[in-house]
Engineer: 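Got a structure for you, questions after.
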Number of protein chains: 2
Amino acid sequence: MGERMTASVKHLPADERRALTVDAVVELAAEQNPRDITTAAIAKRMGLTQGALFRHFPTKEAILQAVMAWVAERLLARVDKAMQAEASPIAALEAIFLTHIDFVAGHPGVPRMMFGELQVAGETAPKRMVTTLIKHYGERLHKLVEDGKAKGELDAALDTEAAVTLFIGTIQGLVMQSLLSGDADNMRHDARRVFAIYRRGVGRVAGQGAPVGSSA
Amino acid sequence: MGERMTASVKHLPADERRALTVDAVVELAAEQNPRDITTAAIAKRMGLTQGALFRHFPTKEAILQAVMAWVAERLLARVDKAMQAEASPIAALEAIFLTHIDFVAGHPGVPRMMFGELQVAGETAPKRMVTTLIKHYGERLHKLVEDGKAKGELDAALDTEAAVTLFIGTIQGLVMQSLLSGDADNMRHDARRVFAIYRRGVGRVAGQGAPVGSSA
DNA sequence: GTTAAGATAGTAAGTAATTACTTGCTTGAT
DNA sequence: ATCAAGCAAGTAATTACTTACTATCTTAAC
């Protein structure tokens, strides 16, 4: 009795419509400029009229907030999973990097939306969610870098904050590159090449021959 | 006789108004979200009415194009100057990096505008200027990295393309960091710390004691 | 030099298009 | 039968751009 049939497209319960709305926005952000995502465009993508959106969200900002909550939840879950699967800090850093790139390659509009929200003037809810996400993300990286230094995997004199900034910047660089090429898929390939340089930059011994990781 | 008096604020010749318009946009982009830069906001900043803008520019897009031309000219000039002042490739790379960060710290809205233009859907003139700028920028970096490898300053096995991507990404990371902190000035300080890691990542010998650069 | 003509740069008040959001009514699942 | 969920057609605000008119500078005849 609690079961719901999805035979009919219309008159879905609110929870599912909210989830589908988030999906629509993420899809649209991948195809066009996030700033061109109007409520009309979202509704059209969902096969609804524009007004119907406001049965589930009070404002457009609330929609964006839901999207950012979705991103934060999914991304951090993937990061934590990747972290826990690896024993050493440096391997965990690489796993996080690759899963992050994989996430972003699968949802190319997400980093653009995040960057866009960061530039919003006031103190909006979506902006706060982005800053919180990056804060939590940075804390995990910070801890891993410190652990790596303590275990001797990373250079003991390494500037931890700078290493975290560069880690995030490395991802940003790949995003920008995919923006220029118009192809998000090559991010996955370029990611390994770029991270190799990063690893050399933070590693204890920038070995010429010593293989550091084995996850290839 | 050909001299012009600037006593009166109004009725300036077209060339000067165009230059002042670019200045206004660059200023506004530093203070607010570039997407909120309306023609009304530009005019207000210049002390003009909105309609007066269209005496000098046919469309808003033409204004953005002028801004991007201004950016490309100034940034590449600084890059070339920094390049030529240094003898070795690695020193040139660091000089470019620092002068770029200095430029961006002085005009924090510029990288945001560039990133925004890259996301525009169609084939607009401002977008083309950005891609061209990055292309020329990348070519200079590419050449320097290759030179550095040939001279033995950089790792012979270094992935040149990845090194260029990471170089640009490093700057993006600092921009994002300044967006989070709300302070563009600390970019100049963080730049050295972050570039130190990058240099280790691309350098031939990631020496613990050997001083590579001397420009401090 | 003075001054009238002509071009340039400004203003104020439009305009059509687009935006997020609302309202009154209808549909459909339970 | 009830009520959440949907539709169609609004609304006010904002946008880039236009139009009709005015002020200012330049220039050349006198």
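Convention: sequence-line order gives letters A, B, ...; per-chain numbering from 1. The analysis underlying the following values was restricted to heavy atoms, covering all of them including side chains, and did not include hydrogens, waters or symmetry mates.
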Engineer: Under the side chain to side chain donor-acceptor pair (under 3.5 Å) definition, can you give me all pairs with a residue in residues 102-115 of chain A, not counting sequence neighbours?
Structural biologist: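 Residue pairs with at least one partner in residues 102-115 of chain A: R78(A)-D102(A), D102(A)-R188(A).
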Engineer: OP1 or OP2 of dA20(C) sitting under 4.0 Å from any side-chain N/O of T39(A)?
Structural biologist: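 Yes, because at least one side-chain N or O of T39(A) sits under 4.0 Å from OP1 or OP2 of dA20(C).
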Engineer: I need the CG-C1' distance between L53(A) and dA4(D), as an integer number of Å.
Structural biologist: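 Those two atoms, CG and C1', are 16 Å apart.
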Engineer: Hey, can you pull the donor-acceptor pairs under 3.5 Å for the side chains in residues 51-75 of chain A, sequence neighbours left out?
Structural biologist:
residue, atom, partner, partner atom, Å
T59(A), OG1, E61(A), N, 3.4
T59(A), OG1, A62(A), N, 3.1
K60(A), NZ, I37(A), O, 2.9

Engineer: Would you kindly give the CD1-to-C1' distance between I42(B) and dA16(D), to the nearest whole Å?
Structural biologist: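 Between C1' of dA16(D) and CD1 of I42(B): 11 Å.
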Engineer: Separation of Q50(B) atom CD from dG14(C) atom P, in whole Å?
Structural biologist: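 One finds 15 Å between P of dG14(C) and CD of Q50(B), rounded.
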Engineer: For E16(A) and dA4(D), what is the distance between atoms CD and P respectively, to the nearest whole Å?
Structural biologist: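 From E16(A) CD to dA4(D) P: 17 Å.
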Engineer: With nearest nucleotides of DNA chain C determined for I37(A) and A52(B) from heavy-atom distances, which residue corresponds to the more 5′ nucleotide?
Structural biologist: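 The answer here is A52(B).
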Engineer: For the atom pair CD1 (I101(A)) and CG (L174(A)), what is the distance rounded to the nearest 0.5 Å?
Structural biologist: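 Interatomic distance, I101(A) CD1 to L174(A) CG, rounded to 0.5 Å: 4.5 Å.
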Engineer: Going by the ring-ring contact (aromatic ring centres under 6.0 Å, His included) test, which pairs reach into residues 29-52 of chain A, not counting sequence neighbours?
Structural biologist: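 Not a single pair qualifies under ring-ring contact (aromatic ring centres under 6.0 Å, His included).
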Engineer: Write down the distance between CG (D15(B)) and C1' (dT8(C)), rounded to a whole number of angstrom.
Structural biologist: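 For the pair D15(B) CG and dT8(C) C1', the rounded distance is 13 Å.
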Engineer: Enumerate the residue pairs fulfilling ring-ring contact (aromatic ring centres under 6.0 Å, His included) with a member in residues 108-127 of chain B, sequence neighbours excluded, ordered by first and then second residue.
Structural biologist: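 Those involving residues 108-127 of chain B are F115(A)-F115(B).
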Engineer: Mind checking salt bridge (charged side-chain N to carboxylate O under 4.0 Å, His left out) for D147(B) and listing every partner two or more places apart, or none if nothing turns up?
Structural biologist: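 Counting only residues at least two positions away or on another chain, D147(B) forms a salt bridge (charged side-chain N to carboxylate O under 4.0 Å, His left out) with K143(B).
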Engineer: In whole Å, I'd like the distance from the CG atom of L12(A) to the C1' atom of dT30(C).
Structural biologist: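 It works out to 15 Å between those atoms.
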Engineer: So, is R17(A) close to the dA4(D) phosphate, meaning a side-chain N or O under 4.0 Å from OP1 or OP2?
Structural biologist: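 For dA4(D), neither OP1 nor OP2 has a side-chain N or O of R17(A) closer than 4.0 Å.
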Engineer: Suppose we screen for salt bridge (charged side-chain N to carboxylate O under 4.0 Å, His left out). Which residues come up paired with K127(A), at least two apart in sequence or across chains?
Structural biologist: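 If we apply the salt bridge (charged side-chain N to carboxylate O under 4.0 Å, His left out) test to K127(A), skipping adjacent residues, there are no hits.
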Engineer: Looking at T99(A) and A95(A), would you say the former's side chain and the latter's main chain have a donor-acceptor pair under 3.5 Å?
Structural biologist: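 The answer is no, because no donor-acceptor pair under 3.5 Å joins these two groups.
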Engineer: Sequence neighbours left out, what passes side chain to side chain contact (heavy atoms under 4.5 Å, CB included) with D159(B)? Give chain and number order.
Structural biologist: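 Scan of D159(B) (side chain to side chain contact (heavy atoms under 4.5 Å, CB included), adjacent residues dropped) gives R193(A), E161(B), A162(B).
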Engineer: So T49(A), base contact, sugar-phosphate only, or nothing? Heavy-atom distance under 4.0 Å.
Structural biologist: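 Answer is base: heavy atoms of T49(A) come under 4.0 Å of a base.
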Engineer: In whole angstrom, give the distance that lies between atom CZ of R18(B) and atom C1' of dT8(C).
Structural biologist: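 It is 15 Å, rounded to the nearest whole Å.
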Engineer: Measure from CG on L48(A) to P on dA4(D) and round the result to the nearest Å.
Structural biologist: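 Result: 18 Å.
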Engineer: At a heavy-atom distance below 4.0 Å, what parts of residues 113-130 of chain B sit against DNA chain C?
Structural biologist: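 Residues of residues 113-130 of chain B that come under 4.0 Å of DNA chain C do not exist, since none gets that close.
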Engineer: Specify the residues of residues 55-71 of chain B, ordered by number, for which at least one heavy atom lies under 4.0 angstrom from an atom of DNA chain C.
Structural biologist: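 Listed by number, they are R55(B), H56(B).
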